[in-house]
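Presented below is the structure to which this report refers.
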Protein chains: 2
Amino acid sequence: MQSDSPAQTRAEWLAGELADAILTGELAPGARLDETGLAARYGVSRTPVREALRQLATTGLIDAKPRRGATVTHVTSAQLEELFVAMGEIEATCARLAAMSMTPIERRRLASLHQAMAEIVERGDESAYADANVRFHSTIYKGAHNGIVAEIASSLRRRLAPFRRAQFRAEGRLRLSYAEHDAVVQAIARGDAVQAHTTMLHHVSLVEDAVDQLALAASERRIRG
Amino acid sequence: MQSDSPAQTRAEWLAGELADAILTGELAPGARLDETGLAARYGVSRTPVREALRQLATTGLIDAKPRRGATVTHVTSAQLEELFVAMGEIEATCARLAAMSMTPIERRRLASLHQAMAEIVERGDESAYADANVRFHSTIYKGAHNGIVAEIASSLRRRLAPFRRAQFRAEGRLRLSYAEHDAVVQAIARGDAVQAHTTMLHHVSLVEDAVDQLALAASERRIRG
DNA sequence: CATCACATTATTGTATGCAAAATTCCACCT
DNA sequence: AGGTGGAATTTTGCATACAATAATGTGATG
C-alpha cells in the first residue's frame, strides 16, 4: 500500500480507500466490515479503522450499529429511486440558482464547455463525454453560488456514481443528453430560473430512465445466460 | 452526565452532548476542542472523544484539520446566508414533492395540524407555536415521501436551529407565519406543485428576514447597552 | 529591540491491551 | 429431531501507552 501519509492521517486515507472500494463495487452491499480484518488487510491498527468506519457511517455509505459491527449499506431499489428523485431535485435547484446568480463570465464558460461537448458527441466517445459531463454539472453547482447546496449535490452524485457509470452506453443516449444540456444552458444563459429548473429536472429524470433500462437489460441477460 | 450508556456507545453519547453544546451556543464558534480536555470534562478517555469529533467533523458542525486539532465551525454571515437559501430551496422542494405525492390522509392531517395552530396564534403563545411549527414542517418533509430529501431538510434545520430560536418574537411574526402556512397548505391540498414550491420559498425567505431583523436589533442593543 | 535557532512542552495520531457484549458452538434435555 | 442452556470464541468498546508532529518558550545574536 505504498507511501505513508503526507498530510492525511491513516484514518482519512483509509476512509477514502474504503469509500472507493464500496463505490466501485469491490466491497459489495451487505458485506461485513470487521475491524480486525480491515486492520490486517490495510496494514494499520484498529484505531484508525474505527475512525474511518465512523466517518463512513455518518455519510451513510456504511451501516454501523452500536455493538454489532458495520456492513456496507444495502441500497434497495426503493432507496435508489429516492436517491434519483433527490438528485434530480437538487440538480434542478442548482440550475435555478445558477440561472439567477451566475456571472456573465460563468455563463460564457458554461456555454463554451457545452459547445466543446458537441464534438465529443460526434466522435461518439462515451468515456470523454462522461468526464465532460461531470465538469458540466460541477460548473452548474458552482454557479449556484451556494456552497451548501453544491456540497449536497456533490455528495448525492458520489452516492449514485456506481449506478450511473454505464449510462451513456444506452443507445442514442449521448445525443439525447447533449440536447437536454442545450435546453438547460439556454435557460441559464437568459436567466430563466423556472425553465432552468424544469429542463434540468427533465434531464436528470431521463438519466434515471436510462439507468433503469440498462439495469433491466442486464438482468434479462443474466436470466437468459 | 447522568446514567451510563444503555444502547449507545460513549462516542455516540458524547457526539450528541457536544452537538447540543454547540447548537445551544454553550460551545461558541471558534472554540478549541482539545481531546484531553474533553476527555477529562466528560469522564471518558480520548478514544471515544476522537470518534465523536470525527463524526461531528463529517457533519460539518466542527472543523477538524489533520494534526492541528478541532474547533467549533465558525459560521460566517455569508455562510449563514447560504444556509438559509439552501434551507429555503430544500423546504420548497419538500413542499413540491408533498403536493405531488401526499396521500389524502396526509393532506388532511396537515390541514388539521394547521388549523390547530390558528388557536395558538390567537393566544399569542410563541413557545407553543414554535413547537407546532416544527411538527408542521416535519409533516411536509414526511409528505415528500423521500427519505433522502427529508433527511437533508432535517439536517439543515438542525444546523440553523440556533439562529432561528427567537424568530417568533419579532412583532407580528406569528400571524404572518400562519398566513404563509395557509398558502402552502392550500397549494398542497389541491396538488399544485408549482404554487407549493413558490409559497414555501417565500415563507422561508421571510423567516430569514425575521432572523436578520432580530440579529440587527440585538447588535444595536449590544452597542447601546 | 527584533529575530532566529533550538530546546521544551503540549497535543495529536497510532498501537496495543483488556473488559464487556455478542455470536457461535456443543452438549444436554424434552 | 428439535430446541435450550450455557460455555467458548469472536468482536466490539474503551483505556492506556508510546511516537510523531505542531506549538511554545527561551536565549543568543544581529
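Labels below follow one simple rule: chain letters A, B, ... track the order of the sequence lines, proteins then strands, and each chain is numbered from 1.
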Euclidean distance, atom [atom1] of residue [X] to atom [atom2] of [N] [Å, nearest integer]:
X	N	atom1	atom2	result
B:Asp34	D:dA22	CG	P	18 Å
A:Lys65	C:dA22	NZ	P	14 Å
B:Leu33	C:dA10	CG	P	20 Å
A:Arg50	C:dA15	CZ	C1'	14 Å
A:Glu35	C:dG17	CD	C1'	15 Å
B:Leu14	D:dC14	CG	C1'	12 Å
B:Leu38	C:dT11	CG	P	12 Å
B:Leu53	C:dT11	CG	P	14 Å

Nucleotide nearest B:Arg67 (side chain, heavy atoms from C-beta), chosen from C:dA15, C:dT12, D:dC14:
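Of C:dA15, C:dT12, D:dC14, C:dT12 is nearest to the side chain of B:Arg67.
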Could you say whether A:Arg68 or A:Thr47 is positioned toward the 5' end of DNA chain D, judged by the nucleotide with the nearest heavy atom to each?
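Closest to the 5' end, via its nearest nucleotide, is A:Arg68.
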Nearest atoms (heavy-atom pairs only) where B:Pro29 meets B:Val72:
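Where B:Pro29 meets B:Val72 most closely, the heavy atoms are CA-CG1, 3.7 Å.
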Centre-to-centre under 6.0 Å for B:His202 and B:His197, is that the case here?
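When the ring centroids of B:His202 and B:His197 are compared, they turn out to be at least 6.0 Å apart.
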D:dA15 phosphate, OP1 or OP2, under 4.0 Å from B:Arg10 side-chain N/O
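Result: yes.
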B:Glu151 and salt bridge (Lys or Arg N to Asp or Glu O under 4.0 Å): which partner among B:Lys142, B:Arg158, B:Arg157?
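Output: one option passes, namely B:Arg158.
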For A:Arg32, answer base if it contacts any base atom (sugar-phosphate contacts may also be present), sugar-phosphate if it contacts only those atoms, and nothing otherwise; contact means non-hydrogen atoms under 4.0 Å.
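A:Arg32: backbone/sugar contact only, no base atoms under 4.0 Å.
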side-chain hydrogen bond (donor to acceptor under 3.5 Å, both in side chains) evaluation trace for B:His203 with B:Glu91:
CA-CA 10 Å; B:His203 173 48; B:Glu91 289 256 5; over 6 Å; no
